[in-house]
Number of protein chains: 2
Amino acid sequence: MKTKSDQDKFVNLPSLCPAFNIRAASRIITQIFDDTLRPSGLQITQFAVLVGVHIMNTPSISTLAKGLVMDRTTLTRGLKPLENEGFIKIITGEDKRTRFVKLTVKGKSAIDKTLPYWEKAREIVAKEFGENNLGGLIKDLESVREIKN
Amino acid sequence: MKTKSDQDKFVNLPSLCPAFNIRAASRIITQIFDDTLRPSGLQITQFAVLVGVHIMNTPSISTLAKGLVMDRTTLTRGLKPLENEGFIKIITGEDKRTRFVKLTVKGKSAIDKTLPYWEKAREIVAKEFGENNLGGLIKDLESVREIKN
DNA sequence: TAATAATAGGTGCATATACACCTATTACAT
DNA sequence: ATGTAATAGGTGTATATGCACCTATTATTA
C-alpha cells in the first residue's frame, strides 16, 4: 500500500473547516449584494446598519452593535461614512458617556431607495440557492449566532 | 385595525437577509477560530492560505486565489505578512508574468504547529452547533460557492 | 512582423474587522 | 464624601476585502 504524501493529510481540511467555508460563502454573498445594491450607493453592510438604526429607533452605539451582532469598534468606524453622508446623526444623551444614533430623513430616503435593490439581490440568491434551502440556511446561521451567548 | 409603523415594515428584513446573517455568523466563527489559534501565532485566514499553498503545491497567485475562493488582490496583500515571517517565498517563473507561492520549511512547521489548535476550534464549533448540523451547514456553504460558477 | 488581445499581477482607495489599550462618566460601596 | 467598579466609547494597529485602474509580458492575428 502506498504511503500518503503529507499533502494528502491536509487535502480534506478545507472541506472540514467551518471558518474557511463560511468566510468563502460570506464573500460570495456579500459580492452579490454589493454588486446589486451598487446603483443605490449603499453597500449591504451600510444598508444593514441604517435598517438597524431605523428598527431600533435611535439606539446607543453599543445597543446597535449588539443588535447587529458586530463588534462595537467595528461599528464605530462604520458609522463615520454614514454620518459624513448625512444619513445618521450622533447624539449625546443625558448620560454623557452614551451616544445615540439617529436616522435622518436623508437616511430614511436612502433606505427606501435601496430596498428594491436589496429585494432583487435576495431574489438572485434565493433563485440560485433555492428559496427553501435559503430559509434553512438562514435558520442555521441564526443558530450559529447563538454560540456567542 | 392598527396602522403599521414604518419600523414594522423593516423588522423582518434582517432575518430574511442572507448577507446580514452569513456575515454575522462568519464573524462569530472567525472569532472562535482566531481566538483558539492565537497561541499558534496564525490567524485562521493565514492558516487557510498556508494549507492551500501546501495542498496546491506551489501554485501561482491566481490559481491559489481561485482555490481559496478569494479575490486575487485580497490574497496578494494577505501574502505579505506570511512572506515577511518567512512562511512562504514568492518565485517568478518562466513566464515572467506569473508568480508562484512556495511554502518554506518554516511555513510547514507553522502549519503543523497550528493544526492542533485548528482541531480544537473545530471541536468547539462542532460541539456548540452539533456535529451533524455542522456537516449539513458546510454542505450548504459549499453549494453557496457554486453560485459563483 | 507589427498591432492587438489576453493574461498575470500590483496599487490606490475605501470600507470591514477586532484586539489591546485608553479616557470620561456614572454607579456603588465603605 | 471618597475611593473603586462598572459602563460607554474612541484610537492605534494590523489584517481583510474588493473594485477600478495600471503595467508588464505573452499570445494571437492581420
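This one's a predicted model, so the numbers in the text were calculated from it and none came from an experiment. We name chains A, B, ... by the order of the sequence lines, and we start the count at 1 in each one. These numbers come from the heavy atoms of this one structure, side chains and all, not from hydrogens, waters or symmetry mates.
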query: How close or far is atom C1' of D:dA20 from atom CG of A:Asp34, stated in whole angstroms?
result: 15 Å
field: Residue A:Asn132 excluded, over 12 heavy atoms near CG under 6.0 Å
entry: no
- request: Round to the nearest Å and state the distance from B:Ile44 atom CD1 to C:dA18 atom P.
  value: 15 Å
message: Nearest heavy atom decides the nucleotide; on that basis, is A:Asp95 or A:Gln43 closer to the 5' end of DNA chain C?
response: A:Gln43
- prompt: Would you say the side-chain atoms of B:Lys106 pair up with the backbone N or O of B:Glu85, donor to acceptor, closer than 3.5 Å?
  reply: yes
message: Under 3.5 Å, is there a donor on one side chain and an acceptor on the other for B:Thr73 and B:Thr76?
response: no
query: Now, which nucleotide makes the Watson-Crick or G-U wobble pair with D:dA5, with each of the two distances under 3.5 Å?
result: none
- request: Output yes when at least one side-chain N/O atom of B:Ser62 is less than 4.0 Å from OP1 or OP2 of C:dA8, else no.
  value: no
task: Kindly say if B:Arg99 contacts the phosphate of C:dG9, meaning a side-chain N or O under 4.0 Å from OP1 or OP2.
output: no
query: Can you tell me if the side-chain N/O atoms of B:Gln31 get under 4.0 Å from OP1 or OP2 in C:dT17?
result: no
- request: Look at the rings of B:Trp118 and B:Phe33 and say which category their plane angle falls in: under 30° parallel, 30 to 60° tilted, over 60° perpendicular.
  value: tilted
field: Salt-bridge present (A:Lys108, B:Asp6; N to O < 4.0 Å)
entry: yes
query: 5'-most contact on DNA chain C: A:Thr73 or A:Arg97, nearest heavy atom basis?
result: A:Thr73
- request: For the residue pair B:Thr30 and A:Arg23, confirm or rule out a side-chain donor-acceptor distance under 3.5 Å.
  value: yes
query: At under 4.0 Å between heavy atoms, what does A:Ser60 touch on the DNA or RNA strands: base, sugar-phosphate, or nothing?
result: sugar-phosphate
task: Check the distance between C:dA6's C1' and B:Lys96's NZ and give it to me in whole angstrom.
output: 18 Å
query: Which glycosidic conformation, syn or anti, is assigned to D:dA5 if syn requires a torsion within 90° of zero?
result: syn
- prompt: If you find the nucleotide of DNA chain D closest to A:Arg27 and the one closest to A:Ile61, which residue's nucleotide is nearer the 5' end?
  reply: A:Ile61
query: Taking CZ from A:Phe33 and P from D:dT17, how many angstroms apart are they, rounded to a whole number?
result: 19 Å
field: Watson-Crick or G-U wobble partner of C:dT26, both distances under 3.5 Å
entry: none
- prompt: Within this structure, what is the CZ-to-C1' distance between A:Phe100 and D:dG9, rounded to whole angstrom?
  reply: 13 Å
message: Rounding to an integer number of Å, can you tell me how far B:Asp71 CG sits from D:dA20 C1'?
response: 11 Å
Value in whole Å for how far the P atom of C:dA8 lies from CD1 of B:Ile91: 18 Å
hbond_proxy B:Arg72 side chain to D:dG18 base (donor-acceptor, 3.5 Å cutoff): no
message: Please report the distance, rounded to the nearest Å, between CG in B:Leu79 and P in C:dT11.
response: 12 Å
message: Reading DNA chain D from 5' onward, which residue's closest nucleotide shows up sooner: B:Thr74 or A:Thr63?
response: A:Thr63
task: Respond yes when some side-chain nitrogen or oxygen of B:Thr76 is under 4.0 Å from OP1 or OP2 of C:dG10, and no when none is.
output: yes
field: Minimum-distance nucleotide to A:Arg38 side chain [options: C:dC19, D:dC19, C:dG9]
entry: D:dC19
message: Once hydrogens and angles are ignored, does a donor-acceptor distance under 3.5 Å link the base of C:dG10 to the side chain of B:Arg77?
response: no
message: What's the closest nucleotide to the side chain of B:Thr98 if the choices are D:dA8, C:dT15, C:dA8?
response: C:dA8
